[in-house]
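Everything on this sheet refers to the single structure shown next.
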Amino acid sequence: MLSEDGKHLYVSWDEYHALIEKLALKVHASGWEFDQILCLARGGVRPGDILSRIFDKPLAIMSTSSYRDSAGTVQGRLDIARYITLPRGELEGRVLLVDDLADSGETLKAVENHLRSGAKIAELRSAVIWVKGISTYLPEYYVDMLPTSPWIHQPFEEYDVLRPARLAERWKI
């Protein structure tokens, strides 16, 4: 649900999963056949996993990070992992790059440039759930365009501040 001022988008687990399924349908409707999925950790792991299951394609993972300060709400320097984790072989052929959102667009642009410079990728397309209005990158596949560029409160955010002691209290362990 988008707040009245357009600055916050609150997403439940059910909405989150429905959006990933809609993303899968957009990719499918395009008719594009791909060989592998590369998801960006952390935000792209959940969508990447679900898309990997729906399309029955191998899932590779690349870790990236730019949100650090203030409980992960301030964007800093972008770090891209040197290695990609995948079940077998190399990242090659037609690859679907998956993340949760195109915020500024800088991460997706940087990863795309990084992949094109070294990997044996014949074709690369990207898929995200949300594209913010401030993004300088437009993926081939997305579900929602968010012109007001709200902060997206995803359902798993509670785990960003949940520590083992509090979890033990919750479960009375």
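Values below: all heavy atoms of this structure, side chains included; hydrogens, waters and symmetry mates excluded.
Taking each heavy atom of Leu51 and Ile37 in turn, the nearest pair found is C-CD1, 3.6 Å. Summarising the geometry of Ala127 relative to Pro139, their closest heavy-atom pair is N-CB, 4.4 Å, with the distance given to 0.1 Å. In terms of heavy-atom proximity, Val131 sits nearest to Val128 at CG2-CG2, 3.8 Å. What you find for Gly44 and Asp99 is that their closest heavy atoms are N-OD1, 3.2 Å. Nearest heavy atoms, Pro58 versus Asp35: CD-O, 3.4 Å. Smallest separation of non-hydrogen atoms from Gly43 and Tyr16: O-OH, 4.3 Å.
In this structure the side chain of Ser30 reaches within 4.5 angstrom of the side chain of Tyr141, judged on heavy atoms. Contact annotation: the side chain of Leu86 approaches that of Gln36 to within less than 4.5 Å [non-hydrogen atoms, C-beta and beyond]. Within the 4.5 Å cutoff, side-chain heavy atoms of Thr136 are placed close to those of Glu106. Side-chain contact between Gln154 and Asp100 is present, with heavy atoms from C-beta onward closer than 4.5 Å. Looking only at side-chain heavy atoms (C-beta outward), Cys39 and Leu59 come within less than 4.5 Å of each other. With contacts defined as side-chain heavy-atom distances shorter than 4.5 Å, the pair Leu2/Pro150 qualifies. Side-chain contact check for Leu97 versus Leu124: some heavy-atom pair is nearer than 4.5 Å. Annotation: side chain of Ile152 is not in contact with side chain of Tyr10 (no heavy-atom distance under 4.5 Å).
Hydrophobic cluster membership is shared by Val143 and Val11, with clusters built from Ile, Leu, Val, Met, Phe, Trp and Tyr side chains linked at under 4.5 angstrom. Ile134 and Ile129 are members of different hydrophobic clusters when ILVMFWY side chains are connected at heavy-atom separations under 4.5 Å. By the rule that hydrophobic residues join a cluster once side-chain heavy atoms approach within less than 4.5 Å of another member, Trp151 and Tyr159 end up as members of separate clusters. Residue Ile121 is not grouped with residue Val98 when hydrophobic side chains (ILVMFWY) are merged at heavy-atom distances under 4.5 angstrom, including chains of intermediate members. Hydrophobic clustering keeps Leu108 apart from Leu101 (ILVMFWY residues linked when any side-chain heavy atoms are closer than 4.5 Å, directly or through intermediates).
Between the CG atom of Leu19 and the CG atom of Asp144 there is a distance of 5.5 Å, given to the nearest 0.5 Å. Rounded to the nearest 0.5 Å, atoms NZ (Lys109) and OG (Ser104) are 7.5 Å apart. Rounding to the nearest 0.5 Å gives a distance of 4.5 Å between OG of Ser126 and CD of Glu140.
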One pair to check against side-chain contact (heavy atoms from CB on, under 4.5 Å): Leu91 and Leu115. What are the steps and the verdict? CA-CA 9 Å; Leu91 189 67; Leu115 292 172; 3.8 Å; yes
Determine, stepwise, if the pair Tyr137 / Glu112 fulfils side chain to side chain donor-acceptor pair (under 3.5 Å). CA-CA 11 Å; Tyr137 181 93; Glu112 186 174 303; 2.6 Å; yes
Would you check, one step at a time, whether the test side-chain contact (heavy atoms from CB on, under 4.5 Å) holds for Leu138 with Met145? CA-CA 10 Å; Leu138 185 63; Met145 175 64 73; 3.8 Å; yes
Give the intermediate values and the outcome of side-chain contact (heavy atoms from CB on, under 4.5 Å) for residues Leu40 and Thr107. CA-CA 9 Å; Leu40 299 183; Thr107 298; 4.1 Å; yes
Leu38/Leu96 under side-chain contact (heavy atoms from CB on, under 4.5 Å): CA gap, chis, key distance, verdict: CA-CA 6 Å; Leu38 172 63; Leu96 180 63; over 6 Å; no
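With hydrogens and angles left out, the side-chain atoms of Ser3 and Asp5 include a donor and acceptor closer than 3.5 Å. Side-chain atoms of Lys7 and Thr148 form no donor-acceptor pair, as typed in the model, at a separation below 3.5 Å.
The residues Glu90 and Lys120 are annotated as salt-bridged, a charged nitrogen and a carboxylate oxygen being separated by less than 4.0 angstrom. Taking a cutoff of 4.0 Å between a charged side-chain nitrogen and a carboxylate oxygen, Glu158 and Arg170 qualify as a salt bridge. Classification of Glu169 and Arg166 as a salt-bridged pair holds, one side-chain N sitting under 4.0 Å from a carboxylate O.
Other residues, nucleotides and ligands place more than 12 heavy atoms under 6.0 Å from the CH2 atom of Trp13. No more than 12 heavy atoms of other residues, nucleotides or ligands lie within 6.0 Å of CZ in Arg42, so this atom counts as exposed by the packing criterion. The environment of NE2 in His28 is sparse: at most 12 heavy-atom neighbours from other residues, nucleotides or ligands sit within 6.0 Å.
A search for ring-ring contact (aromatic ring centres under 6.0 Å, His included) contacts involving Phe34 returns Trp32, Phe55, not counting sequence neighbours. Shown here are the side chain to side chain contact (heavy atoms under 4.5 Å, CB included) partners of Leu25, two or more places apart in sequence or in another chain: there are none. Listed by chain and residue number, Met62, Thr64, Leu78, Ala110, Val111, His114 satisfy the side chain to side chain contact (heavy atoms under 4.5 Å, CB included) test with Ile80 (two or more places apart in sequence, or in another chain).
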